[in-house]
Amino acid sequence: MKKKTAKILLLFLLALGLFYRLYGLGQNYSFWTDENHVAIFSRAILERGQPVLANGYHTGAYQWLLYWLGAISAKIFGLNEFALRFPAAIFGVLTIGVVYLLGKKIFSRKAGFIAAFLTAFLNIEILFSRQARPYQALQFFYVLSAYFLYQASNLKPQTSSKFWQSKFIIGFLACGLLASLFHGLGLVIFLNGFLFLFITNFKNLKKWLPGFIFLAIIFGYFFRVQLLSLLPGLGKINNFFYYRVFLTHHYLPLTLLAGAGGLSLLIKRHRPKENQKKLLLFIIFLGIQTMIVSFLLGQPFTRYFYPVFPFIILLAAHGLSQLSLFLASLVSQFCPAKAGRISQFQSRQGGTNFPISVPPKRDEFLNFSISLFLFLILIALTAWQGKISLLPQKIYSLNADMQEIPEVDWKKIYQFAGEKLAQNPQAILITNWNDLPVWYLGENLENLYLARKKEQGSLAVDPVSGGKMIYSLEDLDKLAEENPQGIAIFDSWDNYLLEGAHEYARENFKKEMEVDRLYPVQPRFWPVNVYSWGMEENKK
């Protein structure tokens, strides 16, 4: 394939990827709980010029860059769900491009295109490109940092200028820096890079070591709260089974092909040291992420593993490419009369693991045909599993794989609550999440109360919303008696909701509505119940 043709195909793939990610996004479906967190700080930037709430609360460096990108997008498109999700869509498209670059650099142009195609149309990739969350940006910087790291590992001081030596390491460090300003998991990039360069290019690493240490100290300070919070879970957390089920139950074809791709790197006799270095890059990125999300983070979520998902895709693309070469070799074995020398095409592909040649006049067509056949089988299997979009969809559920996140129409719930509270100025609002009422009803709510379990803290006032804390059913009962009117919003997902709050509300309040879905069809429902008391006279 000529370079010009490859560029045209890549641009076409990027354009399709953007279309798939934006299709239906303008319908502005309700944020889910974590997206509201981003929304309130992006709005604060528009209102006050910095990601600080009116009460002075801020998150420091945590997701700082995400808030600013959301604010910039909202300045252009208006303060709505589309605007705050738009930056993720852009990062999703950029990820397609960088997956191609890494695949082409490490494996081949064919493997790069296969990986880029899967990244463009797999549902999980489109899904996280449509969330006002940092995970798509994280994924982009993980892959881009791997590209820079691989380049840096090949540097030879005696044959390179000072700038040439530094630009790849600077690119890697920039990826780690920017990713960390999106999410604390961005710090893992520094760990991955240090370990990879320590093994593959220690001579150059000694020159860059002071920079690593300096950045480690700086970011260790800014993220000290998040890092220290991991210590109590050491030796007590084991979520490995969760992620194994995620890969083997939902993405078995990709996982098997990825295993074949890794095995090919391990046993290939052509340039074995270089192939071992490539395999090491994947082992480090996938292995360290798996260890962290399985044994350090308390709650298992696929979004924590998602940043390294393209490394599964890339290995699978390489595995498919190598499998096609192997099958082409088998075909030539059964046609000995037509067999000839090992072709230049096979040489460009890195050679096969078998001393079997394919005639040079037909090798490209044969290999292309087998590759296309295997690729179509892979697409058919993933489509049969519902994991890839052959046509664009307006809805992609967060729970299509591992059912873990409530998708509820919070806009509908808080529109009802807002109207009730406007009709009854003296009424109070009791709920369990602090960012939802801030986004939908505004900051500094005077009559807001949060019902939480006692072990979650002893603060009298929530620092984010300013809501007063309720830690017991006795306090809840006393609050209802002292306030003749009120609204209570309790969801069925939160493990830290005040124990017994649901039962108390059912027995003492009037049930106004139950909302259990955001989209017409969802894999799982987590109902949210809305109650009221003392408002019957205001009912229309």
Side-chain angles (χ1 to χ4, degrees), residues 92 95 99 102-103 106-107 111 114-129 131 133 135-136 138-140 142-143 146 185 188 192 237-266 278-323 374-375 377-389 396-405 523-524:
T95 302
V99 163
L102 183 59
I106 292 183
F107 300 129
I114 293 173
F117 183 94
L118 293 171
T119 304
F121 299 113
L122 279 171
N123 288 352
I124 188 173
E125 290 290 331
I126 300 174
L127 163 68
F128 278 101
S129 298
Q131 311 298 317
R133 299 298 293 138
Y135 304 105
Q136 190 58 57
L138 272 183
Q139 188 183 85
F140 167 75
Y142 267 61
V143 179
L185 280 173
V188 179
N192 293 339
I237 298 171
N238 187 348
N239 296 316
F240 181 77
F241 176 77
Y242 186 89
Y243 296 103
R244 183 181 69 79
V245 170
F246 166 67
L247 289 175
T248 58
H249 182 75
H250 294 283
Y251 296 97
L252 184 59
L254 280 178
T255 302
L256 291 176
L257 280 174
L263 182 62
S264 171
L265 290 174
L266 184 64
K278 295 174 182 178
L279 181 60
L280 177 66
L281 182 70
F282 285 86
I283 289 176
I284 287 176
F285 271 84
L286 287 169
I288 289 181
Q289 193 77 9
T290 299
M291 295 293 290
I292 289 174
V293 301
S294 297
F295 304 111
L296 290 180
L297 302 184
Q299 288 183 294
F301 291 116
T302 56
R303 57 184 183 265
Y304 296 155
F305 185 82
Y306 178 72
V308 296
F309 195 73
F311 294 91
I312 299 288
I313 296 175
L314 282 162
L315 277 177
H318 178 62
L320 188 148
S321 178
Q322 291 299 295
L323 184 58
L374 294 177
F375 179 71
I377 290 178
L378 176 61
I379 297 301
L381 287 174
T382 51
W384 176 69
Q385 288 183 299
K387 304 303 180 185
I388 197 167
S389 291
Y396 295 87
S397 174
L398 287 158
N399 299 305
D401 293 333
M402 308 296 282
Q403 300 175 19
E404 54 193 23
I405 300 172
R524 180 175 175 180

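Please read all numbers here as calculations on a predicted model, not as lab measurements. Position 1 is the first residue of the sequence; numbering continues from there.
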N/O donor-acceptor pair under 3.5 Å between Y251 side chain and L256 backbone: no

Contact check, side chains of V308 and I288, non-hydrogen atoms, under 4.5 Å: no

Heavy-atom pair with the smallest gap, counting every atom of Q136 and F128: CB-O, 3.5 Å

Contact summary for V99 and A116, nearest pair of heavy atoms: CG1-N, 4.0 Å

Expected output: side-chain D401 to main-chain F246 donor-acceptor under 3.5 Å: no

Pi-cation contact, Y306 with R303 (under 6.0 Å, within 45°): no

Minimum side-chain heavy-atom gap Q289-F311 below 4.5 Å: no

Nearest non-hydrogen partners of Q139 and P307, listed with the distance: CG-O, 3.5 Å

Nearest-0.5 Å distance that lies between atom OG1 in T290 and atom CZ in R244: 13.0 Å

Atom of S397, atom of P523 and distance for their closest heavy-atom approach: OG-CD, 3.4 Å

Output field: ring centroids F107/F282 closer than 6.0 Å: yes

From CZ (F375) to CD1 (I114), nearest 0.5 Å: 6.5 Å

Pairwise side-chain contact, Y142 with L185, heavy-atom cut-off 4.5 Å (strictly under): yes

Backbone of I106 reached by a side-chain donor or acceptor of K278 within 3.5 Å: yes

Verdict with supporting geometry, I124 and K387, side-chain contact (heavy atoms from CB on, under 4.5 Å): CA-CA 7 Å; I124 188 173; K387 304 303 180 185; over 6 Å; no

Test item: L122 and L254 side chains (from C-beta on) under 4.5 Å apart, heavy atoms: yes

Centroid-centroid under 6.0 Å between Y243 and Y304 rings: no

Flag side-chain contact, heavy atom, 4.5 Å: I237 against L296: no

Side-chain heavy atoms of L257 within contact of L315, under 4.5 Å: no

Donor-acceptor contact below 3.5 Å, side chain N399 vs main chain E404: yes

V293 side chain near F301 side chain, heavy-atom distance below 4.5 Å: no

N239 and S294 side chains, donor-acceptor separation under 3.5 Å: no

Spatial distance of atom CD1 (I377) from atom OG1 (T382) [nearest 0.5 Å]: 11.5 Å

S321 side chain vs A317 backbone, donor-acceptor pair below 3.5 Å: no

F117 CZ to L378 CG distance, which is reported to the nearest 0.5 Å: 9.5 Å

Criterion side-chain contact (heavy atoms from CB on, under 4.5 Å) on V143 and F285, from CA distance to verdict: CA-CA 9 Å; V143 179; F285 271 84; over 6 Å; no

Non-hydrogen side-chain atoms of T302 and L398 separated by less than 4.5 Å: no

Chi angles and distances behind the side-chain contact (heavy atoms from CB on, under 4.5 Å) call for H318, L265: CA-CA 9 Å; H318 178 62; L265 290 174; 3.8 Å; yes

Heavy-atom closest contact (A115 atom, L314 atom, distance): CB-CD2, 3.6 Å

Side-chain donor-acceptor pair present, T119, E125, cut-off under 3.5 Å: no

Distance (rounded to the nearest 0.5 Å) between L286 CG and L281 CG: 9.0 Å

F240 and F295 aromatic ring geometry - parallel, tilted or perpendicular at 30°/60° bounds: parallel

Any donor-acceptor N/O pair, N123 side chain to S389 backbone, under 3.5 Å: yes

